[in-house]
Protein chains: 2
Amino acid sequence: MPHALFLDELISTLGAEVAQRGDDVPERYHTDWSGTPPQRPLALVRPRSTDEVSALMRLCTAHRVPVVPQGGLTGLAGAAVPVAGAVAVSMERMNAIEDVNARTALMTVQAGATLQAVQEAAVAAGMVFGVDLGARGSCQIGGNVATNAGGNGVLQHGMMREQVLGLEVVLADGTVLPMLRPMLKNNTGYDLKQFFIGSEGTLGIVTRVLLRLRPAPQARATALVAVPDFDAALSVLARMQSRFGNGVAAFELMWDSFIQASIRWQKLQPPFGQAHALLALIDVDGKDEATLRADVEEALGEAMEAGEVADAVIAQSVAQARQLWKLREAPAELNTNMHPPVNFDVSLPQADIGRFADACRAAFDARWPGHHSLFFGHVGDGNLHVSVDGATANGDCEGVEAALYHLVGEFGGSVSAEHGIGLHKKPYLGASRTPAELAVMRAIKQALDPLHLFNPGKVFDL
Amino acid sequence: MPHALFLDELISTLGAEVAQRGDDVPERYHTDWSGTPPQRPLALVRPRSTDEVSALMRLCTAHRVPVVPQGGLTGLAGAAVPVAGAVAVSMERMNAIEDVNARTALMTVQAGATLQAVQEAAVAAGMVFGVDLGARGSCQIGGNVATNAGGNGVLQHGMMREQVLGLEVVLADGTVLPMLRPMLKNNTGYDLKQFFIGSEGTLGIVTRVLLRLRPAPQARATALVAVPDFDAALSVLARMQSRFGNGVAAFELMWDSFIQASIRWQKLQPPFGQAHALLALIDVDGKDEATLRADVEEALGEAMEAGEVADAVIAQSVAQARQLWKLREAPAELNTNMHPPVNFDVSLPQADIGRFADACRAAFDARWPGHHSLFFGHVGDGNLHVSVDGATANGDCEGVEAALYHLVGEFGGSVSAEHGIGLHKKPYLGASRTPAELAVMRAIKQALDPLHLFNPGKVFDL
């Protein structure tokens with residue numbers, strides 16, 4: 001039992017209320033939403049304060065024991081799954097909303113606060129928080145920082161990185177970096193917090209976050225727009241952004257096969273009398289509903305005259321807007337209808353997304369004639385989702401992945417737009433980063449975590 | 001002559017057209033706008049391509065010769081001033097605007113392109129670039145990246161960091177990092193470009209930049225607003241941002257002594273019949289001028305009823321807007337009217353700026369009764385400028401600096417909001433960063449530039 005001494009010291013230092021031996025760790029801490037096989041950690045620590053995190057890391061440094069930081073365990077890339085011989089550090093008890101200030105549009109929270117708690121605190125103060133995603137009720141702000149979360153608000157507010165004004169981070173040796181000065185402009189040496197955002201727990205443990213809030217929109221218009229081809233869709237996006245600026249809150253594109261599957265699976269009424277190559281779902285924020293709807297109608301009318309739009313419907317009520325968005329919710333039905341679904345979250349140069357989708361379909365069809373694949377995503381952000389029915393690819397899910405990631409590399413894209421690398425996308429990281437970039441990542445890791453204590457085996461191998 | 005061999009090899013490798021010996025280097029490369037005493041570099045290299053920058057760095061690594069990257073030499077902190085025994089690397093010849101794409105709102109430029117050239121190329125494509133500052137005609141995009149430039153567009157568009165989607169950087173050993181994939185979302189390992197933005201040339205040489213463009217505003221309204229106190233000013237800002245969202249393009253606050261000096265120095269008509277404690281200059285972007293002006297008038301009317309605004313004037317023409325902005329242009333007269341001016345560019349938690357200004361004035365008055373100081377700045381960004389007439393502080397400019405930076409530390413502020421640290425603010429870096437943060441900066445420096453070849457002696461000492 002090489003770890004017996006460490007475990008004794010861990011429990012005597014932090015107390016049995018905070019630290020549990022591996023045998024006592026409930027199964028819910030053994031894996032995350034990524035479907036990675038469960039792994040029992042050496043111990044589970046659920047700190048109540050930054051001091052406790054710091055004490056933990058001092059012990060881990062002294063005993064050379066690695067740690068795996070855990071947020072809400074909703075990640076899809078496996079970054080928070082325990083590693084044999086490592087301590088799992090769940091931040092769930094550090095979940096206080098410490099301060100909300102609508103006037104300065106800032107909020108200070110502990111890392112374990114759920115995204116939903118942050119959103120609700122912002123709304124209670126008359127503001128909104130800029131990041132939203134499906135796992136909001138479970139995922140934690142610290143995890144959102146560690147993965148640089150994306151989601152539904154990126155077009156308008158940017159990713160998590162653009163919502164973070166400050167961080168408190170505990171380093172491998174227990175040092176606390178208190179980077180929480182509430183300033184938009186602070187050019188005093190390297191902006192260290194940037195190094196930790198998106199590092200997936202491999203450089204430090206985020207304990208506290210200073211967040212920017214955004215003004216709440218006063219009115220929103222939703223339109224479903226049929227476009228003849230991908231280039232027309234980008235023209236419509238540019239037209240809307242030129243007219244409504246940052247008011248364009250969503251621009252989701254759905255290819256025909258996705259639309260047909262969504263209608264079939266969810267038993268929806270087709271939104272238009274005929275099928276179209278592509279449908280764009282567009283949200284625009286403005287000042288009052290009637291004016292905004294009229295303005296959106298005018299803009300889409302001009303787009304129709306320019307040949308960019310074939311047909312369009314503008315929601316006349318919140319209920320109708322929800323109905324239009326229903327078409328986009330087919331992903332919730334993927335597991336029921338594909339056997340299994342092979343899902344992708346990739347980024348591409350925005351202008352090339354149409355050609356990329358065509359190339360994927362052609363590559364799949366050449367190898368698996370009659371295969372079934374769906375294309376959809378946050379095209380306003382350059383983010384495409386693809387789901388392929390594994391059964392229609394002879395169950396060769398790895399072949400589907402290799403084929404698609406190969407094309408991502410050829411198109412100069414990213415194998416992970418918003419989910420991160422974790423364990424699952426490590427084999428494909430080289431499709432998005434050059435050897436020189438990977439060498440610099442390793443040098444940074446070596447500089448900040450020389451004993452390799454943080455999240456071993458995640459993102460890249462050392 | 002320990003450097004003779006290096007110089008011979010430098011010139012034989014790059015050619016006399018690209019590399020010049022120190023004796024032949026024109027004086028304009030010897031210093032920058034910071035007023036730092038001139039220093040002749042060992043040599044001047046003006047590369048025409050990334051390959052030439054890479055070749056230079058391979059030579060410098062082989063011979064252990066440091067380099068000082070130079071942009072437009074407009075920096076106010078001395079970061080680009082040559083260092084004895086180091087090669088100055090001017091990026092002025094790599095000034096191509098390589099690609100502008102209004103539809104994807106992206107532009108690729110070489111690092112030596114001036115900010116003004118970038119702005120003009122954006123406007124020619126029907127877009128705008130989000131960063132603007134007084135040195136626009138001379139400063140270069142690479143320098144804007146290296147210093148994370150701020151300026152006039154920060155409230156609406158963020159600092160330079162938020163305009164940069166990709167970078168090409170040459171490392172100390174000549175390795176080229178091609179981080180130019182045009183994607184808003186790319187969560188594939190560490191976001192390395194963030195490390196170089198704001199590093200003031202101490203980690204690598206930026207050779208190429210992928211920039212985000214913004215939609216051009218269709219209309220702009222300008223208002224000059226008298227507010228009774230600082231808290232009222234913040235309430236007006238919150239009110240305007242709540243109503244106009246990201247349309248609020250400027251919120252500049254001027255304290256009474258600044259206003260009086262501006263009127264006196266520039267022989268302006270006082271904007272209001274009586275003096276006010278503070279005036280706020282507000283720009284708001286919108287869709288059409290008449291509606292926008294009416295909306296701004298309504299918002300300011302509500303602020304007046306709430307007691308936040310004492311008086312206000314809304315420009316009815318572009319000429320009148322320029323006239324209102326004239327009041328803000330007193331800084332151009334500082335050198336003529338102060339002997340000498342001691343100038344500051346500090347950031348503070350926004351809510352504390354009023355108390356900070358009071359504390360500064362009190363501290364100065366206690367030590368130098370009757371001293372003359374002006375307070376003004378981009379308060380919407382938390383950025384305060386202060387100018388003190390050195391003559392009224394018995395010429396003790398260092399005493400003025402020490403007193404103000406001491407208060408910045410006490411208020412948890414930043415000694416540099418947008419100008420960087422360079423040489424001049426090195427003594428005060430510790431007022432804004434903890435020893436732990438400085439240690440991490442040094443570890444990053446060591447990891448990326450182990451021979452300390454980039455910009456020695458700048459930002460922090462090793």
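So that the names make sense, note that chain A is the first sequence line, chain B the second, and so on, each numbered from 1. None of these values were measured; they are calculated from a predicted model. Side chains are part of it too, since the values below use all heavy atoms of this structure and drop only hydrogens, waters and symmetry mates.
- Proximity to chain A is limited to the side chain of B:L429, based on heavy atoms less than 4.5 angstrom apart.
- For A:L234, the parts lying near chain B are the backbone and the side chain together; criterion is any non-hydrogen pair under 4.5 Å.
- Legend: residues meeting side-chain contact (heavy atoms from CB on, under 4.5 Å) with B:A216, ordered by chain and number and at least two apart, are B:V128.
- Contact of B:Q218 with chain A is made through the side chain alone, with heavy-atom distances under 4.5 Å.
- With respect to chain B, the highest number of heavy-atom pairs below 4.5 Å among A:S347, A:G382, A:A105 belongs to A:S347.
- B:A443 meets the side-chain contact (heavy atoms from CB on, under 4.5 Å) test with A:A447; sequence neighbours excluded.
- Among all heavy-atom pairs drawn from A:S242 and B:P215, the shortest one is CA-CB, 4.1 Å.
- Summarising the geometry, atom OG belonging to B:S416 is positioned 10.0 Å from atom NZ belonging to A:K185; distances are rounded to the nearest 0.5 Å.
- No part of A:R442 comes within reach of chain B, as not one of its non-hydrogen atoms sits under 4.5 angstrom from that chain.
- The part of B:F244 that comes within reach of chain A is its side chain, from C-beta onward, which places non-hydrogen atoms under 4.5 angstrom from that chain.
- Note on B:L203, B:L180, B:V346: by heavy-atom pairs under 4.5 Å with chain A, the leading option is B:L203.
- Of the residues considered (B:M183, B:Q194, B:R239), B:M183 shows the highest number of contacts with chain A, using heavy-atom pairs under 4.5 Å.
- Taking 4.5 Å as the heavy-atom cut-off, the residues of residues 157-166 of chain A that approach chain B are A:M159, A:R161, A:E162, ordered by number.
- With a threshold of 4.5 angstrom between heavy atoms, B:V415 approaches chain A through its backbone and through its side chain.
- To the nearest 0.5 angstrom, A:Q241 atom CD is 11.5 Å from B:L213 atom CG.
- For A:N186, the parts lying near chain B are the backbone and the side chain together; criterion is any non-hydrogen pair under 4.5 Å.
- A distance of 11.0 Å separates CG in A:N187 from CD1 in B:I197, rounded to the nearest 0.5 Å.
- With chain B as partner, the option from A:G413, A:A436, A:G198, A:G286 having the largest number of non-hydrogen pairs under 4.5 angstrom is A:G413.
- For a residue to count as touching a neighbouring chain, one of its non-hydrogen atoms must lie under 4.5 Å from one of that chain's; by this rule A:T434 touches chain B with the side chain only.
- Distance check, rounded to the nearest 0.5 Å: CD of A:Q350 to CG of B:L184 gives 7.0 Å.
- To the nearest 0.5 Å, the span separating OG1 on A:T188 from CZ on B:R433 amounts to 3.5 Å.
- Contact annotation for residues 167-176 of chain A against chain B (heavy-atom separation below 4.5 Å, listed by residue number): A:L171, A:T175, A:V176.
- Both the backbone and the side chain of B:K445 come within contact range of chain A, judged by heavy atoms closer than 4.5 Å.
- With a threshold of 4.5 angstrom between heavy atoms, B:A431 approaches chain A through N, CA, C or O but not through any side-chain atom.
- Counting heavy-atom pairs under 4.5 Å between each of B:A238, B:G189, B:A417 and chain A puts B:A417 at the top.
- One finds the CE atom of A:M441 at 8.5 Å from the CZ atom of B:F195 (value rounded to the nearest 0.5 Å).
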Q. Can you check side-chain contact (heavy atoms from CB on, under 4.5 Å) on A:Y190 and B:T202, steps first, answer last?
A. CA-CA 10 Å; A:Y190 309 157; B:T202 62; 2.6 Å; yes
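- With a 4.5 angstrom heavy-atom cutoff, B:S235 touches chain A via backbone and side-chain atoms both.
- With a 4.5 angstrom heavy-atom cutoff, A:D295 touches chain B only via side-chain atoms.
- Between chain B and the residues A:D381, A:N246, A:T104, the largest count of heavy-atom pairs under 4.5 Å involves A:D381.
- The parts of B:N148 that come within reach of chain A are both its backbone and its side chain, each placing non-hydrogen atoms under 4.5 angstrom from that chain.
- Both the backbone and the side chain of B:D231 come within contact range of chain A, judged by heavy atoms closer than 4.5 Å.
- For A:E437, the parts sitting under 4.5 Å from any heavy atom of chain B are the backbone and the side chain alike.
- Within the 4.5 angstrom heavy-atom criterion, only side-chain atoms of A:V459, from C-beta onward, approach chain B.
- Using a 4.5 Å cut-off between heavy atoms, B:F460 touches chain A through its side chain atoms alone.
- The candidate with the highest count of non-hydrogen atom pairs below 4.5 Å against chain A, out of B:A439, B:P349, B:P178, is B:P349.
- At a 4.5 Å heavy-atom cutoff, the contact between B:I421 and chain A is made by backbone and side-chain atoms alike.
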